[in-house]
Amino acid sequence: MTGDPDFRLDGKVAVVTGAARGIGRAVAERLAAAGAHVVIADRDTAESAVAEAAIHQAGGHASTVALDVTNRDQIAEVVAHLYDAHGRVDILVNNAGIVRNAAAVDMSIDDWTSVIDIDLGGVFNCAQAFGRRMVADRRGAIVNVSSICGEVTVFPQPQVSYNAAKAGVNLLTKSLAVEWARQGVRVNAVAPGYVATELTLRGRSNAEWFGTWMRMTPMGRLGEPREIANAVLFLVADASSYITGTVLTVDGGYTAM
Ligand code: NAD
């Protein structure tokens with residue numbers, strides 16, 4: 001494949017969590033098209049197989065591992081397996097995430113804990129396990145998929161656990177970036193606005209929610225998963241070699257209003 005070397009990932013191994021569908025799948029496809037061997041790490045193994053086949057079909061390199069980002073033992077096994085198989089992991093994209101919509105006064109403890117455990121705890125679990133090896137190798141790039149909800153409170157849908165988790169991801173990103181800056185490991189985040197995936201299905205089929213989202217988005221449309229994937233590619237590639245600890249907003253102008 002040809003292209004600007006600053007945006008190429010040839011010979012690199014990239015792990016993308018939650019890559020079976022949605023934004024993660026678009027990221028996996030984009031990084032594979034840039035030359036990386038992409039590891040699709042998701043708890044949905046059936047959908048992961050479909051995503052892997054699509055990358056092979058397009059001429060890219062990919063494999064799958066079953067991974068639940070809340071399972072630290074499983075993460076340790078996956079890290080060991082990948083270093084055995086490839087001898088390296090250069091890129092980690094912490095993308096797996098869920099949302100639960102419930103008013104704060106009614107929110108169940110499960111709606112709180114499950115979102116915090118996956119969206120914030122899962123990012124730390126994977127960043128720590130892979131980052132430990134990257135720090136030892138003195139080489140690596142990590143991108144955490146945060147959200148505009150880490151910066152501003154969106155409405156009308158109530159989602160206090162999600163907003164709190166994503167705000168945590170932003171400071172987790174900066175904290176790791178500072179800790180690992182001198183060990184050659186860069187850590188950044190992307191913060192998407194509303195994107196057309198299954199995560200937003202409920203809101204997209206609710207006229208009140210969707211109408212508010214579009215009024216609040218200056219560009220007046222949803223983002224496409226590939227538009228988030230392009231920002232991730234920039235942040236994992238050498239093109240962004242002096243960028244660490246940043247949260248790159250990709251939101252059609254939502255947070256500019
Ligand atoms: P999605 O629901 O389409 O896909 C999420 C993927 O994560 C699925 O493949 C699912 O199996 C996987 N996953 C969920 N929990 C997991 C776990 N515990 N371990 C491993 N995999 C798990 O969602 P999406 O819209 O593609 O969201 C991807 C990321 O983007 C999330 O972190 C989300 O918060 C973030 N985000 C999405 C939007 C949006 O509008 N869609 C906006 C901002 C941020």
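Indexing begins at 1, ligand by ligand and atom by atom, following the structure's order. Note that the coordinates shown come from a computational prediction; the quantities given were computed from them, not determined experimentally. The chain is numbered in sequence order, starting from 1.
Remark: Lys174 engages no residue in a salt bridge (charged side-chain N to carboxylate O under 4.0 Å, His left out) (not counting sequence neighbours). Under the ring pair (Phe, Tyr, Trp, His ring centres under 6.0 Å) criterion, His86 pairs with His37, not counting sequence neighbours.
No side-chain donor from either of Gln157 and Arg202 sits under 3.5 Å from a side-chain acceptor of the other. A donor-acceptor contact closer than 3.5 angstrom links the side chains of Gln159 and Asn101.
Among residue pairs with one or both ends in residues 222-242, those qualifying as salt bridge (charged side-chain N to carboxylate O under 4.0 Å, His left out) are Lys12-Asp238, Arg221-Glu227; sequence neighbours excluded.
The pair Asp44-Arg21 does not meet the salt-bridge criterion, since no charged nitrogen lies less than 4.0 angstrom from a carboxylate oxygen.
Protein residues lining ligand 1, listed by chain and number: Gly18, Ala20, Arg21, Gly22, Ile23, Asp42, Arg43, Asp44, Leu67, Asp68, Val69, Asn95, Ala96, Gly97, Ile98, Ile118, Val145, Ser146, Ser147, Tyr162, Lys166, Pro192, Gly193, Tyr194, Val195, Thr197, Glu198, Leu199, Thr200 [non-hydrogen atoms, distance under 4.0 Å].
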